[in-house]
Amino acid sequence: MLEIRNLEAGYGPINVLWDVSLSIAEGRVTTIIGPNGAGKTTLLRAIVGLLQPRKGEILFRDRPIHGMAPWHLLEAGIAMIPEGRMIFRDMTVEDNLILGAFPKARRAGVARNLERAYTLFPRLRERRRQLAGTLSGGEGQMLAMARGLMSEPQLLLIDEPSLGLAPVIVNELFEIIADLKAEGRTIVLVEQNTHKAVGVADEVYLMLSGKVAWSAPARDVDLAVLHDLYFSR
Amino acid sequence: MIELVLQALYSGFLQGGSYALIAFGLALVFGTLKIINLAHGELVLLSAYIAYTVESRMDVNPVFAIPFALVLVCLCSVLVYYLLSFIRKDRELNSLILTYGIAIVLTNALLMIWSADVRATTSPWLQEALVFGPLASMRSELIFFLVSLILMGALWWWLARSWYGRAVRAVASNREAAKLMGIDPRLTEILSFVVAGILASFAGVALFSYGVIHPPLGEALTLKAFTITVLAGLGSIPGVMLGSILLGLAEALTVTFASSALQDLVGMILLLIVLFVLPNGLFGVTGGRG
Amino acid sequence: MLKLEDVSVRFGGLVALNNVSLSVGTNEIVGLVGPNGAGKTTLFNVISGLVKPTSGRILFDTHDLGSMPVYRRARLGIGRTFQIPQPMHELTVRENLVVAQRFGAGKLDSVKIDEILEITGLDDKSERDASSELSLTELKSLEVAKALATAPSLLLLDEVLAGLESVGKRHFMTLLKSLHERFSLGILIIEHDLETIASLCHRVVVLNFGEVIADGTPENVFRDPEVIRSYTGAEHA
Amino acid sequence: MKVMLLRWAVVVLLAYFFVPWLFGANAYLMSLIVASLVIGGVALAWALLGNLGGMISFGHSAFFGVGAYVSALLAINADFPIWLAMVCGGIGALLVSVLMLPTLRLKGPYFAIAILAYAQIFRIIATEWRSLTNGVAGLSSIPSLPAVLWWESGSKISSYLIVVTLVFAFILVYRWVANSHYGLALRAMHESEDATRVVGVNSTLLKAAMLLLSACMTGMIGAFNAHYINFLEPDYAFGGVWIVIPIVAAIFGGYRTIWGPLVGAVVVYLVDQLLFKNIFPSGHQIILGIILVVMILFSPGGLLPLLTVRTRKRTC
């Protein structure tokens, strides 16, 4: 579904991604793990067009999409759920969700999708009139997830949902990701929490220092081996 | 004495209405682009001069100037946006210098077209005094206060309820995240300039129908709008309304108890106090100028 | 030489650092690691004075840094680099070092610009424009060179190795080791690559959620189950 | 070095000997030269703050106006010798800039606007404090400049010699600052203030010093001008022209050269006065606005940097 070939990208003089290639199959959960600074988030930002790659190509359903603006990509069916701090803090929870359905083709379904979001995340329904900035970290992350689903994306990119959250909330979030997987969605999940991420994944990629260092089907992954790679033991 | 104070408060309150129109245009543009449009006051003044021309040439009530003003001022406003979009490097300062340059061009264009003379409406209907107990005002002051309330209401509805209004707020709140929602920020930027132009058109006609205008007035208007914007924090409608009325009151009290010449001084001093003392305005949460 | 006692930093409701205590001895290389958002760069900003601590004390040699302004800390001998290189724009490489030398802790001739240019491999780039004519590796070298030109006794290095290819990385490792030997500097370094940390540092401090969760030799720290958990989310290791 | 000295010798000789000798008899030409040196002096003072210090001021009219009024009032009411009155004009402007010190904590655009507000405040004060300034009617018969050598007081040539000396002094000050390590630090602070602070630069103090110095210089030029034209009114002394031309000139010149702002100011002023003032008697400043807009759109770094880049490429 998504094919990335020899991607190189970075910020200003700093190159973060060096020659990254990977492919994402439809209906599967692909997880990208790796330590901090490995370039995982940068990869997602390059896919959705927030960052223009310097080299390489990105194909979505065999169509090149590198260089496209993020707002066109959403219409093409790719949505990114950024980390929870990227919600509209001075707008209400409901306004945040409604904005998730901004692309013209999605506006008709906004009421139905809103209802679905509230069913999936009952706590957001309680706080629908509250400003998003007043939410706790976990609720903010849930809002970001619910908002990302509002556009009914074909490909969902989720960026570090567990970042800075307590284990109980992380568990809750991963249950929801498992539910989404059960619905047959195509998901790319970027995570530091290898344990959780590998548990929910079909495919695992390990990134180290801006490169794909290793990849395997999730069932073949031995966490101990992975941790050795992580800590260079 | 008390009557004098009451009267001053009443006039200041009414004046606050059109200040809100001017200030909100500035705030909206600042919200989406993070740019201070120093030519904003001149756009308001342009509308006021269109009202003057309509009145003096066509001999009709200046309120009929509004359609002409809307077209011309919105065009100019979008033109400002178009020029701004060429700036790539060091946007904050270069755009400030650019809009300052545009302000000079507009001021001098006004001077060339309409001369340096002070103008005011001659319509007796607009200037007729309406008296409620101890409070008196011109008819035009009341009309435009109501117009301003209606416009602010409409604006509130647009920002809170419409797709594009929400998009404008989303871009102001978090530009990156807005892009991820499928919003093209450039669209909201143009929209904010158009809306700023609409508000400026009404404000200009209001200004002409109860006050006096002359070409150098634009800069003071921009500074007043900026004062209100920093006073209100950025972009909240109730904040802008309150800030505008506060400035209107402060000016009216100065005129009553000191001199009308010192009216503009109050706004400037208020601006400096707010900049130095209140890092985030009265109601603000965002920003930070230090 | 540097000692932090119960330093906390809050931004609004957000706790960036919570009762952090740590020390860097003279001539010691200490690694600072931890997941994203753990507060590493905030810690550097607190030490160099760009951010005011909400509570706690920072001692440097015999001085209590308290609310001492940034420039005076630099003159006392705290040099630092930035994660995203911040060359002084519009200046050449040499001019960057001249500013650092003239205003920094060193007395005029105690640091020699040519020598620093040579050690950092910038000698043939000295007349280049610092903000537009350098590669990433050179920018990183310039960050270190600038800090050195102030003649510091403590060097704070914020991810000087991130974004470098393995060749650049090796070059930098060698550079850091030789600097340390030559100038007898205390170094506090933020770095994600744990292998690098292990081979470079005498001691490692791990931050998570703004708190110190481990402090010790690299071998011991990387075996600490809590450290592994903070990195990977594993419930057991 | 020798070339430098020679060049300076030629310039000084031209300025002090040939200009008065050649043009001294032509009063119109001399008045244009003096007026352009006045604007050039303001531009240099502005450039010290704006080009070197990176602080874009929309308020130098405040310094110019205050300097002019302080000097004129001291000379009229207290019989101060003109030299002393002019120095006091500079000090007056400096005191005004002390009031502006809190603005240094503000970020770029906020700084610019705060300064703009100050300029408005001082113009209003000059207009409204009628007992002191005579309001919009202005001050007339301000004592003339003193005699220089054998040229009588108030003559074009003596005025010229005074202003040319002032401008030379400004050039020396500018050069001294620009070539010192303070100049390097100032340039570095534009885009990377934190980077300079962590190597030990007291950026706040340095910025404050530049503001004070620039204000004092502008005030002295304003004072000179008041005694030169013998007349002051608020809208002139605090006029927008003292703000716009330096900005245009600074962009024209860039910060790497001293001649840039100076020549830029003179050229823009002369074009404005000789050409556009005749074409559009009122509103001729529109042209300054247009130049500003066009220049910021096509070369935010200034025209001269554009030229130097091109020539450098050609020689490569």
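Per chain, numbering begins at 1; letters A, B, ... match sequence-line order.
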If we define contacts as heavy-atom pairs under 4.5 Å, which of C/Val99, C/Ile78, C/Asn96 has the most with chain D? C/Val99

Checking the side chain of C/Arg10 only, and the main-chain atoms of C/Thr54 only, is there a donor and an acceptor separated by less than 3.5 Å? no

For chain D, find which of C/Met88, C/Glu143, C/Arg73 contributes the most heavy-atom pairs closer than 4.5 angstrom. C/Met88

Against chain D, label C/Val70 side chain, backbone, both or neither, depending on which of its atoms sit under 4.5 Å from a heavy atom there. both

With a 6.0 Å cut-off on the ring centroids, do C/His63 and C/Phe60 count as close? no

Which of the residues D/Asn202, D/Val198, D/Thr204 is involved in the greatest number of heavy-atom pairs with chain C at under 4.5 angstrom? D/Asn202

With a 3.5 Å distance limit and no angle check, can you tell me whether D/Thr218 reaches the backbone of D/Val42 through a side-chain donor-acceptor pair? no

Keeping the roles fixed (side chain from C/Lys146, backbone from D/Thr196), state whether a donor-acceptor pair exists under 3.5 Å. no

